[in-house]
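First up is the structure itself, then whatever we jot down about it.
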Amino acid sequence: MRFARRSTGWKSLRRKSAASTRIRVENFGAVPFMSQEAQIKAPVITIDHAAEHAGQVATIRGWLYNLRESGKLLFPIFRDGTGVMQGVVSVREQPQAFEALKGLTQESSVIVTGKIQAEPRAPGGYEIQIHAAEVVQKVPESSPYPIQLKEHGVDFLLDQRHLWIRTPRQAAILRIRAEAIRAARNYMDSQGYTLTDAPIFTPAACEGTTTLFEVNYIDEQKAYLTQSGQLYVEATAAALGKVYTFGPTFRAEKSKTRRHLTEFWMLEPEAAFAHLADMMDLGEGLVSAMVQSVVKNRARELGAVGRDLSKLEEIAPPFPRITYDDAVKVLQKAGNPTKWGDDFGGDEETLLSKEFDKPVIIHRYPAAMKAFYMATDMERPDLSLSFDMIAPEGFGEIIGGGERQSDYDTLVRRIRESKLPEEAFQWYLDLRRYGSVPHAGFGLGLERTVAWICGTEHIREVIPFPRMLHRVYP
RNA sequence: UCCCCGGUAGCUCAAUGGUAGAGCGUUCGGCUGUUAACCGAAAUGUUGCAGGUUCGAGUCCUGCCCGGGGAGCCA
């Protein structure tokens, strides 16, 4: 129903757009365009570099973000993906440009040329005094741009995600995500880790079997979308030493919360001969590098999303580390009913994270609550050599990992206890047959990390096209 | 799977069981420094769907559909 209704509307929109394009062509003679001379003279600039061109004539190519009209003065506001800039044009001085822009609809694509001037009354401090304006495509009045400069509901915005990403806040978030990814990869590479990508199609589960996406593979075979690259990165760690994988992972969890996506990106390092403490060090170094790189290179975007930089500037190693045992005591002291052996839910994570200004590492969880591949603590066999990193301010778990079970017999027993299909894990057991070594790693959830860095309410905003329970459109 | 909240104009939301409304957007008009501009006017509705109660249902009842938040599980 919903999809049928949406696609009908979309088709009619396409038809109208096509018609308006024809009208635009017919109007070419009447609509004033800048001269060839002006086009050649004015350099094309992006709005983020406008300040460097103050006092000069320049061309901006973008979209009409908003238009304020005041009689014979127009204040069009343009966006070009790098920022937003106000223009000004008067009918007396530039009648042709005025006519081209007057009444122009939101998100019409435009090319404008004019003098860049410092202007305290303009948002951003600079404005363009327009000499010439070319409308590339006018959004038809009959089907105006659906996203207004007003509040909208979540459902509506997610249906319009392909357009929602045009708003300055969303564009800033996507730039921060890109910077976080670059910083993460740079850091891993600088630590001697080699990127070895894991497959997306897998023959079996590596987390719980209930959250698997099953797909039809070739010739009646079944395959599953990966829940984690971890098992594969263990294999490449035995081949190359220090490795990581970074890519999308898929979990068919029936959970709709602000912290969940069915498709999310994970960075998973794995190192041979590494132990729990090594991975805690690596994790805090990685997270710190991501945060500091965003603070340094995307301060403007952090400002656009309203993030308080002072909290992020403090993020540097060492992070507080407490054992699960101590975490339970902290919770109980705070009046939380958690008992030893319970896993921590969202409330508990939030409570613990509020005790610290930095991400907090909780290590050595009870073995019973961790995955089959997790190593046990020799000194306390009831504990696993595992750790989680909880982001501050209630943004939840951003890292989970630890030392792996390297003993063949123990691993086989754990696979059977977990009721996993043993035959699908033969290749994985080979890693314990041929030169098994202690090794450790973790998975960092990109979207949760970026959501924390941006301070967004929901992780759906930090991925271009979120996939969630009940939502695979657009 | 369970619990809570919601579905009214393109959007955000009002509307004691008694004529379905406002703001924004759109259209028309006005305004030479606007700041989600402002002022005046106009058009815009299968109140999610199907039943039921009632003289009368957007409102109450039942079922279903869709969405949001959370639990469980996880990054």
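Everything numeric in this text was worked out from a predicted model, so none of it was measured. Note on naming: letters A, B, ... go to the chains in the order of the sequence lines (proteins, then strands), and numbering restarts at 1 for each one.
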Interatomic distance at P, B:G45 relative to B:C11, whole Å = 14 Å

request  = Grab the CH2-P distance between A:Trp265 and B:A75 for me, whole Å please.
outcome  = 18 Å

ask   = Below 3.5 Å, does any donor atom in the side chain of A:His152 face an acceptor in the base of B:C11, or the other way round?
value = no

request  = Using Watson-Crick or G-U wobble geometry with both distances below 3.5 Å, tell me the partner of B:C60, or none.
outcome  = B:G52

ask   = Does the ring centre of A:Phe425 sit less than 6.0 Å away from the ring centre of A:Phe372?
value = yes

message = Less than 6.0 angstrom separating the ring centers of A:Phe246 and A:Trp265, yes or no?
response = yes

request  = Establish whether the base of B:U34 is bridged to the side chain of A:Gln86 by a donor-acceptor pair shorter than 3.5 Å.
outcome  = yes

Salt bridge (charged side-chain N to carboxylate O under 4.0 Å, His left out) partner of A:Arg321, chosen from A:Asp388, A:Asp281, A:Asp326 = A:Asp281

ask   = With both distances kept under 3.5 Å, what pairs with B:U1, Watson-Crick or G-U wobble?
value = B:A71

query = Mind checking the P distance from B:C2 to B:U8? Whole angstroms is fine.
reply = 25 Å

key: Interface with RNA chain B, restricted to residues 360-369 of chain A and to heavy atoms under 4.0 Å   = none

key: Whole-Å distance separating the OH atom of A:Tyr65 from the C1' atom of B:G25   = 15 Å

request  = Would you kindly give the CD1-to-P distance between A:Ile399 and B:A75, to the nearest whole Å?
outcome  = 11 Å

request  = Just name whichever nucleotide pairs with B:C38, Watson-Crick or G-U, keeping both distances under 3.5 Å, else none.
outcome  = B:G30

message = Output the rounded distance in Å from CZ (A:Arg460) to P (B:G67).
response = 13 Å

task = Answer with base, sugar-phosphate or nothing: what part of the nucleic acid does A:Glu151 contact at a heavy-atom distance below 4.0 Å?
result = base

query = Should the pair A:Tyr324 and A:Tyr365 be assigned to parallel (<30°), tilted (30 to 60°) or perpendicular (>60°) ring geometry?
reply = tilted

task = For A:Glu69 and B:C38, give me the distance from atom CD to atom P, rounded to whole Å.
result = 12 Å

message = When you measure only distances, ignoring hydrogens and angles, does the side chain of A:Arg92 come within 3.5 Å of the base of B:U32 through a donor and an acceptor?
response = yes

ask   = Rounded to whole angstrom units, what separation is found between the CG atom of A:Leu73 and the P atom of B:C38?
value = 17 Å

inquiry  = Looking only at the side chains, is there a donor atom on one of A:Glu270 and A:Tyr193 sitting less than 3.5 Å from an acceptor on the other?
reply    = no

message = Between B:C3 and B:U46, how far apart are the two P atoms, rounded to whole Å?
response = 33 Å

query = Does the side chain of A:Ser108 come under 3.5 Å of the side chain of A:Gln137 through a donor N or O and an acceptor N or O?
reply = no

message = According to side chain to side chain contact (heavy atoms under 4.5 Å, CB included), who are the partners of A:Ser353, at least two apart in sequence or on a separate chain?
response = A:Ile390

task = Confirm from the modelled atom types if A:Glu127 and B:G33 form a donor-acceptor pair under 3.5 Å, side chain to base only.
result = yes

inquiry  = If you go through the side-chain atoms of A:Arg471, does one of them form a donor-acceptor pair with the base of B:C66 closer than 3.5 Å?
reply    = no

task = Quote, to the nearest angstrom, the P distance that separates B:G10 from B:C5.
result = 28 Å

ask   = Can you tell which of B:U26, B:G10, B:C73 lies closest to the side chain of A:Arg259?
value = B:C73

